[in-house]
Colleague: 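Would you mind keeping the following structure in view while I ask a few things?
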There are 2 protein chains.
Amino acid sequence: MSQWMSPDERQPTQVAQIRQSLQEQIRAGLLRPGMRLPSERALSERFATTRITLKEALAVLETEGQIYREERRGWFVAPPRLIYDPRTKSHFQAMVESQGRAATTRVLQAGPVVANAELCQRMGLAPLSPLLKICRVRSLDSRDVLYVEHYLLPERFPGLLEMDLTCSLTRLYAERYGIGYGQSTFDILPTAAHGAVARALGLPQGAPLLQICRLNLDGQGRLIDCDMEYWRQDAVVIRIQSDPLP
Amino acid sequence: MSQWMSPDERQPTQVAQIRQSLQEQIRAGLLRPGMRLPSERALSERFATTRITLKEALAVLETEGQIYREERRGWFVAPPRLIYDPRTKSHFQAMVESQGRAATTRVLQAGPVVANAELCQRMGLAPLSPLLKICRVRSLDSRDVLYVEHYLLPERFPGLLEMDLTCSLTRLYAERYGIGYGQSTFDILPTAAHGAVARALGLPQGAPLLQICRLNLDGQGRLIDCDMEYWRQDAVVIRIQSDPLP
DNA sequence: TCGGCTAGTTGGACTAGTCCAGATGGGTGA
DNA sequence: TCACCCATCTGGACTAGTCCAACTAGCCGA
């Protein structure tokens, strides 16, 4: 029988059915953005299946960015994505507010470190170069969605650590040091949450993330800093406009 | 005891240990790009755990793009990523070959369709507008890494379906119709494989993918087409350079 | 030599649980 | 009133299997 059916027509798996069913409820607005889903145990009972199977369906919806997790707290319906054009030099707060949403920033850590191998390579530094590391968590409508590690050249930013680091670094660069962005390079790639990132965003280890590594140069082409951004992947869509023809 | 330990120092989970162990072997070059990993059963025995736990570790490595899956065939070590700048107007083949790798293209389907709701919205079309749909699979060093659906305005491309669609559509546009790209818009977001996409790339349902939706305008700002690209997320890194200051 | 069959292996899908750590909220005592 | 404690609930981590469909490789016969 099944050999004559295209894979489309075959009876969908339980995981697919559960995913479909939850998606429908979300699309119909019965499950609204930010709402908590019933517990995994309650859902698995309602769908007459085991927790493992149910969790697989939730994992698919998670990689699609329709729902998100908070470690040991539960599953929630994802709010609309923030539209993020990495090329605009505007800072996080301005970008968020221009889309009618609220932004806050929290500093987790700020201090000198020694560059690791990956950073030396990306930034073209000598081995064991000193750097300033600033770790921040940024939230969208009171939900933590972005963890950033900034790595700055210490010689260009004397006294920076004493300033208020919760506001835009871009503005500090410009106003206090007269340094503005020129060309930047962005590497975008999906990855999984580990260690510090997972803890900062309240994610379980292995949860999907969108990583953006930006390398910023000033107007003269000299390196300013390197930012490692880790976004909850349901919270953002990268939208880029190519240049119109000259 | 554990209450005084930071989460970093705590004994890592089995999943984390297995992930770590496999990653090390890959980094050391003992498991080389393209090589198949031992079967799930063999690995779960070797790590003295169950298949489910083992699969979870593999899933994390998959979302990190260190390994990839072929449905019912097994797990393989991911080759280096292709560097993809969506803003360069160069076509797939040229981009791949400029990085010293081999590209091929296969046409799965080509014909007229009626635009669905999502396409009407993205392309700004009237409901039920007619479109030409071309589905292609593109491979990198003989591995299928990209599934693309092109949706074109039929009135701009009479007779297109009779041409050789395995080569660059960009070139066909230019050489046969005198149409060149102007500004384009890209939406990049991680998603999960379903239906046609999963089948075309030999992925299991729910596998992580990187979706890029591009909307192409011509030099006069008129719509040319909309491409829905689905990349195996281990196969590519998006690298974008912002414009230098004027 | 080559096509087709077949047995064995692989991943896919799923069941039915256990034990634990962290988050939550209600109640209690200062 | 408010801080703290504790019972309860949640997800996290893991075990030990079963059944099935699809892929594979090797054998066999034309």
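Every value quoted in this text rests on a predicted model; they were computed, and no experiment measured them.
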Colleague: Taking CZ from Phe76(B) and C1' from dC23(D), how many angstroms apart are they, rounded to a whole number?
Modeller: 11 Å
Colleague: Whole-Å distance between dA13(D) C1' and Leu54(B) CG?
Modeller: 14 Å
Colleague: Could you identify which residues of residues 41-53 of chain A place a heavy atom less than 4.0 Å from some atom of DNA chain C, listed by residue number, or say none?
Modeller: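 Here the set is Thr49(A), Thr50(A), Ile52(A), Thr53(A).
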Colleague: Nearest to the Ser39(B) side chain among dC14(C), dA13(D), dT10(C), which nucleotide is it?
Modeller: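 Of the candidates, dT10(C) comes closest.
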Colleague: To the nearest Å, give me how far apart CD (Gln205(A)) and P (dA21(C)) are.
Modeller: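 Rounded to the whole Å, the gap is 16 Å.
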Colleague: Report the nucleotide, chosen from dG12(C), dA21(C), dT10(C), that has the shortest atom-to-atom distance to any side-chain atom of Arg72(B).
Modeller: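 Selected nucleotide (nearest to the side chain): dG12(C).
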Colleague: Could you please name the option among dT10(C), dG11(D), dC14(C) that lies closest to any side-chain atom of Glu40(A)?
Modeller: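 Comparing dT10(C), dG11(D), dC14(C) against the side chain of Glu40(A), the answer is dG11(D).
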Colleague: I need the full list of salt bridge (charged side-chain N to carboxylate O under 4.0 Å, His left out) pairs touching residues 24-39 of chain B, with sequence neighbours left out, sorted by first then second residue.
Modeller: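 Qualifying pairs, neighbours excluded: none.
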Colleague: Please confirm whether the shortest side-chain N or O distance from Gln14(B) to OP1 or OP2 of dG12(D) is below 4.0 Å.
Modeller: no
Colleague: Quick one: Arg69(A) CZ to dG11(D) C1', roughly how many Å, whole number?
Modeller: 9 Å
Colleague: Measure CZ/Arg73(B) against P/dT10(C) and give the value in whole Å, please.
Modeller: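 Between P of dT10(C) and CZ of Arg73(B): 13 Å.
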Colleague: Using the ring-ring contact (aromatic ring centres under 6.0 Å, His included) rule, collect all pairs that involve residues 12-31 of chain A, keeping only residues at least two apart or in two chains.
Modeller: none
Colleague: Of all residues at least two apart in sequence or in a different chain, which pass the ring pair (Phe, Tyr, Trp, His ring centres under 6.0 Å) check with Tyr151(B)?
Modeller: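 For Tyr151(B), no residue satisfies ring pair (Phe, Tyr, Trp, His ring centres under 6.0 Å) once neighbours in sequence are set aside.
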Colleague: Could you tell me how far apart Glu56(B) (CD) and dG12(C) (P) are, to the nearest whole angstrom?
Modeller: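 The answer, rounded to whole Å, is 15 Å.
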Colleague: I'd like to check the ring pair (Phe, Tyr, Trp, His ring centres under 6.0 Å) partners of Tyr230(A); sequence neighbours left out, ordered by chain and number.
Modeller: none
Colleague: Expressed as a whole number of angstroms, how long is the span from Leu37(A):CG to dG11(D):C1'?
Modeller: 13 Å
Colleague: Return each pair, listed once, that meets salt bridge (charged side-chain N to carboxylate O under 4.0 Å, His left out) where at least one residue sits in residues 93-121 of chain B; pairs must be two or more places apart or across chains.
Modeller: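 Salt bridge (charged side-chain N to carboxylate O under 4.0 Å, His left out) check on residues 93-121 of chain B returns Arg101(B)-Asp141(B), Arg106(B)-Asp144(B), Glu118(B)-Arg122(B).
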Colleague: State, without any angle test, whether Tyr147(A) and Glu149(A) hold a side-chain donor-acceptor pair at a distance under 3.5 Å.
Modeller: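 Short answer, yes.
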Colleague: May I have the distance from Glu70(B) (atom CD) to dG12(C) (atom P), rounded to whole angstrom?
Modeller: 11 Å
Colleague: We want to know whether Ser44(A) and Thr49(A) form a side-chain donor-acceptor pair, criterion being a heavy-atom distance below 3.5 angstrom.
Modeller: no
Colleague: Please determine if a side-chain N or O atom of Lys55(B) lies less than 4.0 Å away from the OP1 or OP2 oxygen of dG12(C).
Modeller: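 Result: yes.
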